[in-house]
Amino acid sequence: MRIIKKIDVMRKFSLAEKKKGRTIGFVPTMGFLHAGHLSLIKKAGKRNDIVVVSIFVNPAQFLPNEDFSAYPKDFRKDALICREESVDVLFYPGRKDIYPAGFSTYVEETSLSKSLCGGSRPGHFKGVTTVVAKLFNIVVPNTVYFGQKDAQQSYIIKRMVSDLNMPVEIKVAPIVREPDGLALSSRNKYLTKGQRAKACFIYKALKIAEKRVKKGERSSAKIKAAIRHVIEANLRGEIDYIDIVDTENLKPLKKLKRKVLMAVAVNVGKARLIDNIILKPGR
Ligand code: PAF
């Protein structure tokens, strides 16, 4: 496995591989890899000749009061994991490579990024789309793999790719969960033992809501109240949002119809935990 730190070296590598007719599967990450990332890397490996993983903790997607400097890091372990997974290139740029002095161009999606996490983290998705667009230009991938846990992120990136005619295919892989249902996240590391034991109630709440929808409930307010009840009864956390939105435009719905995204964000101690389920309730 090659570890490449420089942008021009990364681009040269990719363009040379593509010239040989090889396809490049790309998994962008912020490091501290877990089984969720591994599932993406494995998918990339199955369907591409070359697999590139990037590790870059992107300052532009953190708000001033967020955990940018505390974000968990373990480059050695990440590199070992990538090696074991037969990753071809680990792209590990520095902050000044990605954001050199004088950097002043951003990519912003202006509709899907307004609700859910975009509502409580203004500017977050502008940071995400900017770095992802840059990474696409540097890595020049054929296919890029994202996780369903960051559902809104993947909808926004798909929109960016379509709006800006970027020649890449986006694949979204299912959420990988702990045995008790907690969605894997690098931020789970912040949880104390007690918080960790209760964190699974976020997913349990979503599953209870899903059952109610399957039994015929279509009122968004009632379903959200059921989710809130389970979380508040079991978890000492501050609910950021519980929402049910249309998957076409990510706008909140009063009545469930077509395909919906049921999404939750809860601050538990130092960890901001997000989770979601996609449902097709029918009419
Ligand atoms: O999902 C993440 O880890 C990040 O948002 C991403 C896509 C690597 C951009 O920094």
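Both backbone and side-chain heavy atoms feed into the values below; hydrogens, waters and symmetry mates do not.
In this structure the side chain of Arg11 reaches within 4.5 angstrom of the side chain of Val140, judged on heavy atoms. In this structure the side chain of Asn48 reaches within 4.5 angstrom of the side chain of Tyr145, judged on heavy atoms. With contacts defined as side-chain heavy-atom distances shorter than 4.5 Å, the pair Phe146/Val132 qualifies. Within the 4.5 Å cutoff, no side-chain heavy atoms of Glu17 are placed close to those of Asp49. Counting heavy atoms from C-beta outward, Met1 and Arg83 have side chains that approach closer than 4.5 Å. A 4.5 Å side-chain heavy-atom check between Leu135 and Phe91 finds at least one atom pair inside the cut-off. Annotation: side chain of Val172 is in contact with side chain of Lys158 (closest heavy-atom distance under 4.5 Å).
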Please output the side-chain donor-acceptor pairs of residues 116-130 that fall under 3.5 Å, not counting sequence neighbours, one pair per line with the distance.
unit_1, atom_1, unit_2, atom_2, d
Ser120, OG, Asp240, OD1, 3.4
Ser120, OG, Asp240, OD2, 2.7
Ser120, OG, Arg272, NH2, 3.3
Arg121, NE, Glu66, OE1, 3.4
Arg121, NE, Glu66, OE2, 2.8
Arg121, NH2, Glu66, OE1, 2.6
His124, ND1, Gln61, O, 2.7
Thr129, OG1, Val107, O, 2.6
Thr129, OG1, Phe125, O, 2.8
Thr129, OG1, Lys126, O, 3.3
Thr130, OG1, Val107, N, 2.9
Thr130, OG1, Val107, O, 3.3
Thr130, OG1, Lys126, O, 2.7

List the atom pairs, with distances to 0.1 Å, where a side-chain N or O of residues 226-238 and a protein N or O form a donor-acceptor pair under 3.5 Å, not counting sequence neighbours.
unit_1, atom_1, unit_2, atom_2, d
Arg228, NH1, Glu232, OE2, 3.2
Asn234, ND2, Val230, O, 2.7

Which pairs would a plain distance check flag for residues 26-33, meaning a side-chain donor or acceptor within less than 3.5 Å of a matching protein atom at least two apart in sequence or in another chain?
unit_1, atom_1, unit_2, atom_2, d
Thr29, OG1, Gly31, N, 2.9
Thr29, OG1, Ser54, O, 2.8

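The OG atom of Ser115 lies 5.0 Å from the CD atom of Gln152; values are rounded to the nearest 0.5 Å. Here the CD1-CD distance, from Ile156 to Glu108, works out to 10.0 Å after rounding to the nearest 0.5 Å. Rounding to the nearest 0.5 Å places CD1 of Ile98 at 5.0 Å from CZ of Phe56. Within the model, atoms OG of Ser219 and NZ of Lys255 stand 5.0 Å from one another, a figure rounded to the nearest 0.5 Å. The CG atom of Leu90 sits 9.5 Å away from atom CD1 of Ile4, with the distance rounded to the nearest 0.5 Å. The distance from the NZ atom of Lys251 to the CG atom of Leu112 is 8.0 Å, given to the nearest 0.5 Å.
Within a 6.0 Å radius of NZ in Lys254, other residues, nucleotides and ligands contribute 12 heavy atoms or fewer. Residue-environment remark: NZ (Lys73) exceeds the threshold of 12 foreign heavy atoms within 6.0 Å.
For the salt bridge (Lys or Arg N to Asp or Glu O under 4.0 Å) with Glu85, the qualifying choice from Lys46, Lys42, Lys43 is Lys42, the only one to do so. No option in Lys204, Lys198, Lys207, Arg196 other than Arg196 meets the salt bridge (Lys or Arg N to Asp or Glu O under 4.0 Å) test with Asp180.
When all heavy atoms of Val168 and Pro141 are compared, the pair lying nearest together is CG1-O, 3.2 Å.
Residues forming a salt bridge (Lys or Arg N to Asp or Glu O under 4.0 Å) with Lys18 (at least two apart in sequence, or on another chain): none. Take Tyr106 and apply the ring pair (Phe, Tyr, Trp, His ring centres under 6.0 Å) test, not counting sequence neighbours, and it matches Phe103. Looking at residues two or more places apart in sequence or on another chain, you find a ring pair (Phe, Tyr, Trp, His ring centres under 6.0 Å) between Tyr71 and Phe62.
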- prompt: Does the salt bridge (Lys or Arg N to Asp or Glu O under 4.0 Å) test come out yes or no for Lys5 and Asp97, once each step is laid out?
  reply: CA-CA 9 Å; Lys5 294 188 176 177; Asp97 297 304; over 6 Å; no

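Looking only at distances, a side-chain donor or acceptor of Arg218 sits under 3.5 Å from a matching main-chain atom of Val213.
Using a cutoff of 4.0 Å between basic side-chain nitrogens and carboxylate oxygens, Asp243 and Lys224 are scored as salt-bridged.
Inspection of the Tyr190 and Asp67 side chains reveals an N or O donor paired with an N or O acceptor under 3.5 Å.
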